[in-house]
Amino acid sequence: MVLKNKKWDHNYFLKMREEVLNSWETGKEVNFEEAVSYLKSLPKEKYADYVLKKADEEKRTLLQPRAGVPILREHILLLQYLQKEGGADILPTTIDSYTRQNRYREAQIGIEESLREGKSLLNGFPAVNYGVKACREIIESVDVPVEIRHGTPDARLLAEITLAAGFTSFEGGGITYNIPYAKDVSLENSILYWQYVDYLVGLYAENGVIINRESFGPLTGTLVPPSISISIGIIEALFAAEQGVKSFSVGYGQCGNVIQDAAAINVLDRLTKEYLASFGYYDVHITTVLHHFMGGFPEDEARAYAVISLGTIPAVLSKATKIIVKTPQEAVGIPSKEANAAALRNTRQVLQMLDCQDFIDKNKVQEEEYIIEREVRSILNTVYSVGEGDFVLGTVRAFASGLLDVPFAPSRFTLGRVMPVRDNEGAVRFFDFGNLPFDEEIKSFHRKKLEERAKYEKREISFQMVLDDIYAISKGRLVGRPR
Ligand SMILES: CC[C@H]1O[C@@H](n2cnc3c(N)ncnc32)[C@H](O)[C@@H]1O
């Protein structure tokens, strides 16, 4: 079948499904009809789509941590603690790195060693090895929806097992779980694998079970210009909608300048809905997700809390539907359950002290929205035209020629020519546009912003500024000022 943005043929899916379910022994536990009736037996409060829609209508922002440990009993206790002590509205199950690379044999060894040593020797929960029945114990032990969070270019079997188990939200995409996570996986392959996942979610939808899909907006989490993150999120929403997905969350990672971050989420929300409607998808419920800062954190917990609290402000300004909450132990590794729960309470406190205030200059937000929107439209319209009207074809071609590009990505399938840097107020601008399709108005806007910083810092615009910015926040600043 030629790779394009067209809903799959059902027989093509069924044929591939045989191979997917046979790729590990737990695949044989999956039975679609049985899974549909199990999912229909779950209360609506366990559906991420229901909880997201309700929050969206009530203009509330939901809180969700990341969490995953290899021993099932420990993982259940961890999630129960985060629900009870952290007040999480949606729980995660963060998947381990072996599973993300389909290395289930090593994951199995990791489980056995963790059990033998009585401690976590994997950096997440290996859901494929546990299988459907064991994973259902997680769903039945908590009262809120649980989402699968990972970084898997080929998540076909992971999706089959976890969706059948009752996880009602699934993060990732053919671009966002490839480019920042893998070096040698082609976009053709990862987009095909994720069309499978979206087709499966669409099949559940046709049977009355609405699973939420979420795009991984932050990408590499290092100074990613908002328009790049937003464009890719919209493309993944279009891919998912074509396969029949009816509930989609588009994500964005906090960069640090509060006005730019709020503007980015506003544009993300508005343009995702506009592009879906303009391509004929009228029944996909769109929500927005803000990730607390995904770059290098300060080790000092007090300063880490400052980064987290600052990151909550754009969610208040933009009414983001959900925040993925970081923890004060981000710089040291997998957080303790106490630190994870405390970060949730910190975020809730900031939300509830700010949501009654109107404290930002809306004109400055709109100025940022204007430039972000122009950049996103330039990118998306270019992807559409190089794809001759097909966004899958356009994405592959655009990445090959740098018309779409992600800074600091490990993947050899992105040009890596684009280079970001902060301006004098810490907003992320372009130091090098690479091959991005921007006109002179956009380019001169960024140049002017960088000249302001160069003048203030009494130094030339240089790559040194980029390096200074990469370490700035872990050293206590937003902008990497010269020493
Ligand atoms: C996307 C990367 C983020 O996921 C976080 N992360 C990865 N694995 C886990 C984990 N097992 N528990 C909690 N947080 C985790 C990590 O700290 C980083 O902030």
Side-chain angles (χ1 to χ4, degrees), residues 63-72 74-83 85-86 88 90-101 107 110-111 114 119-127 129-130 138 146-153 155 158 162 167 169-173 176-182 214-222 224 229 249 251-255 289-299 301 304-305 307-308 311 322-344 346-347 406 408-410 473-474:
L63 303 187
Q64 179 181 9
R66 294 185 175 90
V69 291
I71 299 171
L72 177 61
E74 300 295 316
H75 186 64
I76 286 173
L77 292 172
L78 171 60
L79 294 192
Q80 289 173 331
Y81 185 88
L82 292 172
Q83 176 186 315
E85 301 304 326
I90 295 181
L91 287 165
T93 286
T94 302
I95 302 296
D96 71 286
S97 297
Y98 282 129
T99 304
R100 297 180 184 194
Q101 300 164 61
I111 296 172
S114 300
K119 61 183 181 181
S120 296
L121 297 175
L122 293 175
N123 63 352
F125 181 77
N129 292 72
Y130 278 104
I138 299 169
V146 194
E147 177 175 28
I148 294 294
R149 309 193 72 88
H150 47 117
T152 313
L158 178 65
T162 56
F167 291 87
S169 184
F170 199 81
E171 187 186 32
T176 60
Y177 267 10
N178 175 355
I179 300 299
Y181 282 96
E214 177 180 338
S215 174
F216 179 61
L219 295 162
T220 55
T222 311
V224 178
S229 162
S249 301
Y252 171 78
Q254 169 202 2
C255 286
V289 184
L290 169 70
H291 293 245
H292 278 155
F293 186 61
M294 297 294 282
F297 255 66
E299 291 213 5
E301 293 212 356
Y305 271 121
V307 178
I308 290 169
K322 183 169 84 169
I323 300 175
I324 308 298
V325 177
K326 272 290 169 83
T327 80
Q329 292 176 351
E330 176 58 24
V332 293
I334 304 288
S336 68
K337 64 178 190 303
E338 292 80 4
N340 216 340
L344 284 159
N346 167 285
T347 304
V406 175
F408 310 112
I473 287 181
S474 54

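In listed order, ligands and their atoms are each counted from 1.
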Asker: Indicate yes or no: does K322 engage E147 in a salt bridge with an N to O separation below 4.0 Å.
Answerer: yes

Asker: Considering only heavy atoms, does N123 approach ligand 1 within less than 4.0 Å through its side chain, its backbone, both, or neither?
Answerer: backbone

Asker: Is there a polar contact between ligand 1 and K326, counting only N or O atoms under 3.5 Å apart?
Answerer: yes

Asker: Which word best sums up how the rings of H75 and F125 line up, parallel for under 30°, tilted for 30 to 60°, or perpendicular for over 60°?
Answerer: parallel

Asker: Looking at atom 4 (O) of ligand 1, what's its closest protein heavy atom, distance included?
Answerer: R66 CD, 3.0 Å

Asker: Identify whether the distance between the nearest side-chain nitrogen and carboxylate oxygen of R149 and E214 falls below 4.0 Å.
Answerer: yes

Asker: Tell me: protein heavy atom nearest atom 7 (C) of ligand 1, and distance?
Answerer: T94 CG2, 4.1 Å

Asker: Looking just at side-chain N and O atoms, do T327 and N340 make a donor-acceptor pair shorter than 3.5 Å?
Answerer: no

Asker: Can you report which non-hydrogen protein atom sits closest to atom 18 (C) of ligand 1, along with the distance?
Answerer: E330 OE2, 3.5 Å

Asker: Tell me, please: is H291 in heavy-atom contact with ligand 1, that is, under 4.0 Å?
Answerer: no

Asker: To check your reading of the model: name the closest protein heavy atom to atom 2 (C) of ligand 1, its residue, and the distance in Å.
Answerer: M294 CE, 4.2 Å

Asker: Side chain, backbone, both or neither: which applies to P335 and ligand 1 if a contact is any heavy-atom pair less than 4.0 Å apart?
Answerer: side chain

Asker: Does Y130 reach the main-chain N or O of P70 with its side chain, forming a donor-acceptor pair under 3.5 Å?
Answerer: yes

Asker: Counting C-beta onward and ignoring hydrogens, is there a side-chain heavy-atom pair between I111 and L122 closer than 4.5 Å?
Answerer: yes

Asker: Identify, for atom 10 (C) of ligand 1, the protein heavy atom at the shortest distance, and state residue, atom and that distance.
Answerer: I334 CD1, 3.5 Å

Asker: Check for a donor-acceptor pair, side chain of T99 on one end and backbone N or O of I95 on the other, with a separation under 3.5 Å.
Answerer: no

Asker: Any N or O on G68 sitting closer than 3.5 Å to an N or O of ligand 1?
Answerer: yes

